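First up is the structure itself, then whatever we jot down about it.
Numbers restart at 1 for each chain; the letters A, B, ... are given by sequence-line order, proteins then strands. Quick caveat, the model's predicted, so the values are computed rather than measured.
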Amino acid sequence: MVAEQRPDLETIDMPINMGPQHPSTHGVFRMVLVVSGEKVVDVTPHIGYMHRGGEKLMETMDFRQGIGYADRTEYLAQFSAELGYVLAVERLMGVEVPERAEYIRVILTELNRLTSHFMFAGAFGIDSGLFGTSMMFAFREREFIQDLFEEISGDRLMYAYFRVGGLAWEVTDNFVQRCHESLKTAERGIRDIDDLLTHNEIFMGRCQNIGAFTAQQAIAYGLSGPMLRASGVPFDLRKDEPYSVYPRLKFDIPVGNYGDVYDRFLVRIEEMRQSVKIVEQALEQLPPEGPIVAEKLPRRLRTPPGEVYAKVESPRGEWGVYLISKGGDKPYRLKMRSPSFCNLTALREMTIGQFLADAVMVLGSMDIVLCDVDR
Amino acid sequence: MMRAVILAAPSVDALDNPALSALLGLIVITLIMTLGVMFATWYERKAVARMQQRLGPMRVGPWGLLQPIADTLKLVSKEGVRPASADRIAWDLSLAAIFVPAFLVLVAIPFTADWFVSPMDLSLLYILAVGGLSFIGFLLAGWGSDNKYALLGGMRAAAQLISYEIPMILSMLAVVMVVGSADVYRIILYQDVVPLIVWQPLAFIIFLTATIAELERQPFDIPTGESEVAGGVFIEYSGIRWSLFQLTGYVNMYAYSLLGAFVFLGGWEWPFGTDIGWGYQLLLTMVKMALFIVFFLWVRTSFPRLRVDQLMSYAWKVLLPFALAQIFLNGLVLVYDLPDVVLLATSGGGALALCWLVYSVVRVKPRQPLRMVGNVPATAPGSVSG
Amino acid sequence: MIGILRSLGMTARVAFRKPVTNSYPNVHRQIANRDRAFPILLWDEEHDEPFCTGCHACERACPVECMTVVMKDNPKHATGESKRRKIIDEFWIDYGRCMRCNICVEVCNFEAIGMNNTWAGHELSRFDRSELVMDLDMLLSQSKAGKVDPGLRA
Amino acid sequence: MTLLFFYVMAGTILAGALGVVLVRNTVYAALFLIMSLLGVAGLYILLSSEFLALVQVLVYGGAVMVLLVFALMLTRVHELDKKMSGDQWPLGAVAALALLGAFIGMWTQTDWPRDPDQVTLVPFATIGDALFNRWSVPFEIVSLVLLVALAGAIIIAMQEEGER
């Protein structure tokens, strides 16, 4: 006997406003979840709370002033952002960067990848419900690397250290030694987080088979970075479209088999290990002496008319800068291709049908930077 | 043997009015527990900080010892905000519905051999029954706040409390079967030689997990899960109301820790016997209670949160069958009058089976490790330049 | 179960390590020599006047336009005490806007501006954001007293 | 003292029962039901049968009520308000009258002890003995019926899930 269907006695789906002020939306991100009980039926992401018109702002700045804004766009992988911006201008101007500067850039960018992934591991632990322990472990090592950045560039977060044609100023004398120290602590941090999370059954139960994407889906959504690699596509700009001195460095790309949240976590942890390897090699190959800025650069940077798209592999994926210049010292149009934004498009597909708690995990596994999404 | 002595106020023992003496005992116990909770907040923050390689509170007083007082002052002086659309009656009633049972539980707890508020024949059942009432408060708070997070949190809280109450009661029932009494006092006296954790390890494990779930602490803090429902039922409460909720949470933690210490670790009886005087007994009780609390803190720092469906299936598909099996095995042993060692054997075997199950279920499908791709052929010749 | 125990072991081990934090207002971390807190103006001990001539170079280069510079004729130049013909009259930096990019230091031709690398440059919390606009006296006070030696200067 | 306690408890039960019927807000009605059930638990204590009182709190105050409140809170409570009296009210009235008749019959048939001292304390063990020895067959049948009901509920819930 099936009970008569009465519309007034049916359970109703409940829309929930998650964000813009919510502990686990990683900034001012808002998603309107429609839940049936605990199951997510529909998701509508709302972005733009952090929109500062960064691209337009950078169009009013000359090429040196813009570097600080690149930092502020991608505030967890600042060196990657600076590198992307600087590369674009350099390619447009045809500037040759001295080798030493290139190596230092790679070292700093990879160390930055470590700090960014540490930040991910910490925040992801909190998303999964850990009481701040992973965050604390991650920040412990992250702060150590940031000390190094501070010694070199003078700031802990907004470095503004790369310049068109090289670096702003010479690194400190004990740079190599400090890098080795940082790597040692970073390795310890990776081990700690590995012990704390990777093998924990509760963590596995929370992460596995959640938000899984196949390789086709990942490509169709234009995912990049660890999100794409976790889905089984071995695509890494450092290998596939190499820039700087990456072709001279030996490292592996970790590729996942399942494409779920757990694989993304593993891929990032493994990438951290690879970054340590890259930095070690780069430190060996680093020329001890040499210029750090390209010679014969004008005091006022001017580009020839033209357009360029430069992309780097940021910790979140493909971070690209599309630059059009009509000559002069300012870009005519600047567009940033931010991995956070592109990866976020997959949120709906990944979340529907999962539990409310899994939506948080999926969002956490994307490792978005809201400033980068909104720009 | 059982004398009703008012806790911490032996001089008013002369009061022969039981209602008055019980009231006095309740007031004393409430004050002591409030102080205990203030200490617990400090201790929790310090212990968790150490496990995260931090210092913890350091500013107020030596080693931050006065921090709870500062916190209390701040919370009490904060404005209590109530949403305009909240249901006024449910909003305020929920506080009482959570607060009162938590303190009523303490009435039946024998702190030492002769320090308790009221003797009871069925004190264990009383503690479980009254302690289980708090779900009403959670539901009311969740519904009355007129907030969707609060509603979700309230629903989760009610479902969780009811689900985990059952394995908890069953695990206690196993102990009651062994002892032959549902009085905590008698259960403690039973453990003069060997604490019950030795005879009933499976019941102990079930009790431990169910307790953490009942207390809504990590990894079972789903109703208040900060990263999901942002505080759950407490989301709209502020100031003194919020602090009362927190106070209740800690009182519950003390109560269940005491219960665990009494039922499984032998309370003040094991290992020194009843005759060592109330001071040492109290100390022994405190130490055993502290073991539980430290364990809760330790677990809190180490584990991520479970998901709702995992939580439910863990209660109903894992803990409940094992608890029933424990009762069944105990029944066999007791009916056929087998030696106590058989109890240990069956229960220990069950405990091992439980651990193995938790271990294996998560790893049903062993996952392939990450592939490491060394040399990818360049898909595009160099990078684009303008 | 093994992973759970491993997590527990992890936190237990860490509990016996030395804490990495320090109790901040009591203990100040050593900050790097190159630390860029906020720009300050430097003091010329030799001539007992600021280095800054008020040339507006930094004002023009500032990406966030947080600086306001007013220049005047140097009275000491008339008496022959100083070789600077022009000198700074008024100088405001809005620390609330400054994004500490170091560009003002790079463009300065007179080594007159530097980035504060002391804790005083960081502990600048104010109740009102208008109090974050620093005038010439405030900008010069630290270098005048010899309390700061910027790690980064032009 | 005992008499006072009795009247307080009886008053609680009656007030709670009236509240259930008269209050328009269904959630408040559920709260009144809890109040009424707890009052019954108080009466059990008065009858020196602590075990029954505690079970009353545990099962009725806890498990049964949670289901009720769950159902009430998750449906469209405000719209239900207006539809409290449906087409089935004559049936309901008949059922209620029949129940009342049954209660009155039981009340007149029972030989109530007039002297309060005659009330015997029922020990915990006796209840268990009665349940599992003397009445074990009816007990098992009841549990079987409950099990069937449980399975039925699950099947209905599963159908709903499948329809979506």
Could you check whether [X] makes a cation-pi contact with [Y], meaning its NZ or CZ is under 6.0 Å from the centre of the six-membered ring and within 45° of the ring axis?
X: A:Arg178; Y: A:Phe144; value: yes
X: A:Arg105; Y: A:Phe79; value: no
X: A:Arg142; Y: A:Phe118; value: no

Would you mind checking which part of [X] comes under 4.5 Å of any heavy atom in chain C, side chain (CB onward), backbone (N, CA, C, O), both or neither?
X: A:Phe203; result: neither
X: A:Thr198; result: neither
X: A:Asp147; result: side chain
X: A:Ser153; result: both
X: A:Met158; result: backbone
X: A:Ile152; result: both

Worksheet item: Atom CG of A:Asp192 and atom OG1 of C:Thr11: how far apart are they, to the nearest 0.5 Å?
Response: 10.5 Å
Fill in: Gap separating the CD1 atom of A:Ile67 from the CZ atom of A:Arg163, nearest 0.5 angstrom
5.0 Å
Item to complete: Side chain from CB out, backbone as N, CA, C, O: work out which of these in C:Ile4 comes under 4.5 Å of a heavy atom of chain A, or both, or neither.
Response: both
Worksheet item: Of the backbone (N, CA, C, O) and the side chain (C-beta and beyond), which part of C:Asn33 lies under 4.5 Å from a heavy atom of chain A, both, or neither?
Response: neither
Response to the item:
Exactly one of C:Cys66, C:Cys52, C:Cys104 clears side-chain contact (heavy atoms from CB on, under 4.5 Å) with C:Cys58, and that residue is C:Cys104
Heavy atoms only, distances under 4.5 angstrom: which of [options] has the most pairs with chain C? Name it, please.
options: A:Thr172, A:Asp71, A:Asp62, A:Leu197; value: A:Thr172
options: A:Met136, A:Arg140, A:Glu143; value: A:Arg140
options: A:Leu57, A:Thr133, A:Leu196; value: A:Leu196

Fill in: When C:Gly9, C:Ala32, C:Cys101, C:Pro63 are compared by non-hydrogen pairs under 4.5 Å with chain A, the top option
C:Pro63
Worksheet item: Between A:Tyr159 and A:Phe149, does the ring centroid distance fall short of 6.0 Å?
Response: yes
Worksheet item: If we ignore angles and hydrogens, is there a donor and acceptor under 3.5 Å between the side chains of A:Asn200 and C:Ser7?
Response: yes
